[in-house]
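Since the structure comes first, as structure tokens, the remarks are kept for the end.
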Amino acid sequence: MLERYNFGEIEKKWQKKWEDSNSFKVTEDADKEKYYVLEMFPYPSGKLHMGHVRNYSIGDVLARYKRMKGFNVLHPMGYDSFGLPAENAAIKNGTPPAEWTYSNMDEMTKQLKELGLSYDWDRQVATCKPDYYRWMQWIFIQFYKKGLAYKKDNPVNWCPSCQTVLANEQVVDGKCERCKSPVTKKSLSQWYFKITDYADRLLANLDKLPGWPEKVKIMQRNWIGKSHGAQITFPIEGFDKAMDVYTTRADTLYGVTYMVMAPEHPYISELVAGTEYEADVNAYIEKVQHMSDIDRTSTSNEKTGVFIGRYAINPINGKKVPIFISDYVLMGYGTGAIMAVPAHDTRDFDFAKMFDLEIIPVVDPGDPEIDLNNLKEAFVAEGTMINSGFMDGMNNRDAIAAMIKHVEEKGIGKETTNYKLRDWLISRQRYWGTPIPMIYCEDCGWQPEKEENLPVLLPEDVEFTGKGESPIATSKTFQNAVCPCCGKPAKREIDTMDTFLDSSWYFLRYCDALNDKEAFAKDKVDYWMNVDQYIGGVEHAILHLMYARFFQMALYDLGLVSQEEPFENLLTQGMVIKDGAKMSKSLGNVVSPAEIIEKYGADTARLFILFAAPPERELDWSDQGVEGSYRFINRVYRMVYDFTKDYKVTGDAYEIRNDADKNLNYWKNYAVKKVSDDIGTRFNFNTAISTVMELVNEMYKYREGDVNEALFGATVKDLIVMLAPFIPHVAEEMWEHIGAEGSVHDQSWPSYDESALVKDTVEIVVQINGKIKERLDIAGDLSREEMQEVCMNDDKVKALTEGKNVIKVIAVPNKLINIVVK
RNA sequence: GCCGGCGUGAUGGAAUUGGCAGACGUGCGGGACUCAAAAUCCCGUGGUGGCAACACCGUAUGGGUUCGACCCCCAUCGCCGGCACCA
């Protein structure tokens, strides 16, 4: 070890040793307790950013800590390597997506290794590799066979000029973001997963995840959006089909004054065919079709709509009410039609005012301030039923149940549960994704490819023009297939899978990444799963984390895994920001990990990022803070170096000779206790580090006096071991330097001696009426009564309470005394 | 609009959940070392008043509960995030 801290050499040296000895490889070991720590795998954009560094540093500290605690730790890394950017690169500069992706992965792997992360690289997965997507396709087929995958026509955004499907985000003002031509809705045949079948379980199981942040669970609950109500059937005058509506407010059925259908409602064309309303209705539908969902919802108060010339009959009282179409009713939720109660629904109220429709109050607020005959806004709170036949006088919350029961008895409706969650549209008209392993046969319909023919490989004879159909369609051979059922020539599906599928089971593949016989062996998955600690950005709170849960449940139902939920504990790390804003190119506040590693080394980068803030919170990047972390490493390094000039680190046995020894011994043991707790149970790495800093400060102080070689040496040893998870390279270097055996990362985590934590005297606070008046050093571990006695006999306390009436005394052992006086 | 979260020194953040507010780091001030600077080491650093011992004030604001509140309750203000015409 050199006198000066040369991070460049140290980091290179140890990274090579770890790699050469395959230090972090793990295998199943039934005799050891396992721990699976997983960080969300990255998209291989080519460069790591600080968010990655933060994510992986957190995971690495945990992995290294748990390993030292004796766990068999699985800590893998891989790439979510399918996706659009690779395809865009191909369009822009002609590089094949595979080439672009593989070179990015190499670059990122290099950077990850430079951070000194303790991954078992043998288990690396990349979702774009055939040995991964083969099993993705196999899983798809299992889902298909179980009835979880289906193909359905559905309207999607279509740009007639670019000849392509657009995502909602790519439609601006009803126009194509690129060429500005009006976007139409086109019905395209798309593959879906029936995630809605799992809505209830996805919701209910959230309660079985105490290790998840409440925030994420709330977001998922809202996304699933379960609501309880009734479906009620309204006959349409002069029409043979009736109109079903969904409502959570069955209590307001008597207050219905009109009906609204979504513009996409299937009955509309029939209802207006050949009438004087047809032209207006079609014009309105046309207009709505040209709007993106974003625009449809942006003008939230301005209601639009058209009367369709038809009437519905309220089944409860026979009242005839007009039917409108309006874009404020969504086809995708409930039945795509509503009963409108303007008196008690804000949106219906706005619409009724706009079209001058009748408003009938049926819930009385019981508030003299509110004029029921001239409502200024919809009344949506609780009240008493009026104008509602048999329900009059009831509380409206009770009336909901009463009305549901009533409509069920009369056969005009039924109790219903609804979800906001929709089925998962999984097909993409893109090249760089897993081919959907389905074949269309004129005679047999859609058939899954035979499992022995997997993988269905991505074709390479394709063109990337950015126009026309998916590039896969340009392949001369890809679509030609044989029907797995009847053997006749058939056509292969050219759509690929949403990349969220790939990332919905990668944690299972890590358990058995090299298996070429099956997606994963059940016994291996049974050994490693569940993921004990999952770590990633909160931006995945809904999509990825919901899809992965869905996959796990579906695989559980298929008998392929033994648990319903994949992630035992979830930690959502905060963003890395600088100067009060997210790091971004446009703001010019990006700090690249590469430049920090170059200037200070990976250990400093890791230490700073863990020290600057607790993991869930935003982290404010500070160049001066980085300097501070660098200084701290130097400070430790110097101390260890200097100590070994005069002394040796011997065994662990030492004697306590005096107060200074006792104090250092206290700190040594206290730090072990505190750091273990902070890493292992609280994930407060920032306070763990600050404790180690305090210990180092104490060691500097101690060094000024009469040094007990054995004690100081033992403290140095514990110090290096405690620092190892945070700054693994320099810890290893110092460990070698003090002449200790083996790798520091193979050491057991230090234990502490409870008796060393007992102080001879403790400082307690004396309060009078809750105000601190005095601090006293008294013997430690006194009982309440003893404490009180010592305190009341103190001269200052006596003086302060002189002539006052002591009402009561509260004593908290080793902490404080509060004397209440009058 | 609805649902969350957060407001603590100049600053990033501590305070293990109702018991010493401001640990640790940064910055700043002072000292030591040096011809000098950097680095390093040591000391100080919430505010007001006082030579001082000390006193008073202080965790967004206003109230409450409690012997005791950064922590619990009510209201208000501000910032951030999620969802957003879901009937």
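Every chain is numbered from 1, with letters handed out A, B, ... down the list of sequences.
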**Complete:** Taking B:C3, B:G19, B:A87 as options, the one with an atom nearest any side-chain atom of A:Gln767 is B:G19
**Item:** Base B:C20 to side chain A:Lys815, donor-acceptor N/O within 3.5 Å cut-off
**Value:** no
**Message:** Quick check for you: among B:G19, B:A15, B:C41, whose closest atom lies nearest to any side-chain atom of A:Arg635?
**Reply:** B:C41
**Request:** May I ask you to say what A:Arg703 touches in the nucleic acid, namely base, sugar-phosphate or nothing, with a heavy-atom cut-off under 4.0 Å?
**Result:** nothing
**Prompt:** With a non-hydrogen cut-off below 4.0 angstrom, is A:Ile218 in contact with a base, only sugar-phosphate, or nothing?
**Reply:** sugar-phosphate
**OP1 or OP2 of B:C24 under 4.0 Å from side-chain N/O of A:Thr691** = no
**Message:** Checking contacts here: which listed nucleotide (B:A87, B:C85, B:C20) is nearest the side-chain heavy atoms of A:Ile338?
**Reply:** B:A87
**Request:** Looking at every strand, decide which applies to A:Asp677 at a 4.0 Å heavy-atom threshold: base, sugar-phosphate, or nothing.
**Result:** base
**Item:** Watson-Crick or G-U wobble mate for B:U16, both contacts under 3.5 Å
**Value:** none
**Request:** Using a 4.0 Å heavy-atom cut-off across all strands, classify A:Ser622 as base, sugar-phosphate, or nothing.
**Result:** nothing
**Request:** Considering only atom C1', compute the distance from B:C79 to B:G18 and round it to an integer number of Å.
**Result:** 28 Å
**Message:** Nearest to the A:Arg638 side chain among B:C41, B:G13, B:G81, which nucleotide is it?
**Reply:** B:C41
**Request:** Report the C-alpha separation of A:Lys319 and A:Glu358 in whole Å, then their side-chain angles, then the decisive distance to 0.1 Å, and conclude whether the salt bridge (Lys or Arg N to Asp or Glu O under 4.0 Å) test is met.
**Result:** CA-CA 12 Å; A:Lys319 187 181 165 78; A:Glu358 195 184 4; 3.1 Å; yes
**Nucleotide opposite B:G4 in a Watson-Crick or G-U pair, distances under 3.5 Å** = B:C80
**Prompt:** Of all the nucleotides listed (B:C42, B:G12, B:G27), which has the minimum atom distance to the side chain of A:Gln624?
**Reply:** B:G27
**Message:** Regarding A:Tyr5, tell me which of base, sugar-phosphate or nothing describes its non-hydrogen contacts under 4.0 Å with the strands shown.
**Reply:** nothing
**Message:** Which nucleotide wins on minimum distance to the side chain of A:Lys771, given the candidates B:U26, B:C57, B:G19?
**Reply:** B:C57
**Request:** Report the distance from atom CE of A:Met639 to atom P of B:A39, rounded to the nearest whole Å.
**Result:** 21 Å
**Asked** Between B:A14 and B:C20, how far is it from one C1' atom to the other, in whole Å?
**Response** 14 Å
**Message:** By nearest atom, which of the nucleotides B:C42, B:G13, B:G81 is closest to the A:Tyr700 side chain?
**Reply:** B:C42
**Asked** Which nucleotide sits closest to the side chain of A:Asn818: B:G4, B:G68, B:C85?
**Response** B:G68
**Prompt:** When you measure from the side chain of A:Thr247, which nucleotide among B:G27, B:C20, B:A87 comes out closest?
**Reply:** B:A87
**Asked** Which nucleotide, in any strand shown, forms a Watson-Crick or G-U wobble pair with B:G44, with both distances under 3.5 Å?
**Response** B:C28
**Prompt:** Is it true that A:Lys353 and A:Asp350 have a side-chain N and a carboxylate O under 4.0 angstrom from each other?
**Reply:** no
**Asked** Under 4.5 Å between any side-chain heavy atoms of A:Met385 and A:Val363, yes or no?
**Response** yes
**Message:** What I want to find out is whether A:Asp200 reaches A:Lys226 closely enough, with some N-O distance under 4.0 Å, to be called a salt bridge.
**Reply:** yes
**Item:** Ring geometry between A:Phe685 and A:Phe683 (parallel below 30°, tilted from 30 to 60°, perpendicular above 60°)
**Value:** tilted
**Request:** Select one nucleotide: of B:A87, B:A15, B:G82, the one nearest the side-chain heavy atoms of A:Met219.
**Result:** B:G82
**Prompt:** P atom, B:C33 versus B:A38: distance in rounded Å?
**Reply:** 15 Å
**Prompt:** Quick one: CD1 on A:Ile689 to CZ on A:Phe608, what's the gap to the nearest 0.5 Å?
**Reply:** 10.5 Å
**Message:** Once you apply a heavy-atom cut-off of 4.0 Å, does A:Val820 come out as touching a base, just sugar-phosphate, or nothing?
**Reply:** sugar-phosphate
**Item:** B:G9: syn or anti, per glycosidic angle within 90° of 0
**Value:** syn
**Message:** Within 90° of 0 counts as syn, otherwise anti: where does B:U16 fall?
**Reply:** anti
**Parallel, tilted or perpendicular, as decided by the 30° and 60° cut-offs, for the rings of A:Tyr641 and A:Tyr637** = parallel
**Fill in**
Any strand, both distances under 3.5 Å, Watson-Crick or G-U wobble: B:U59 pairs with none
**Prompt:** What integer number of Å spans the C1' atoms of B:C6 and B:U59?
**Reply:** 13 Å
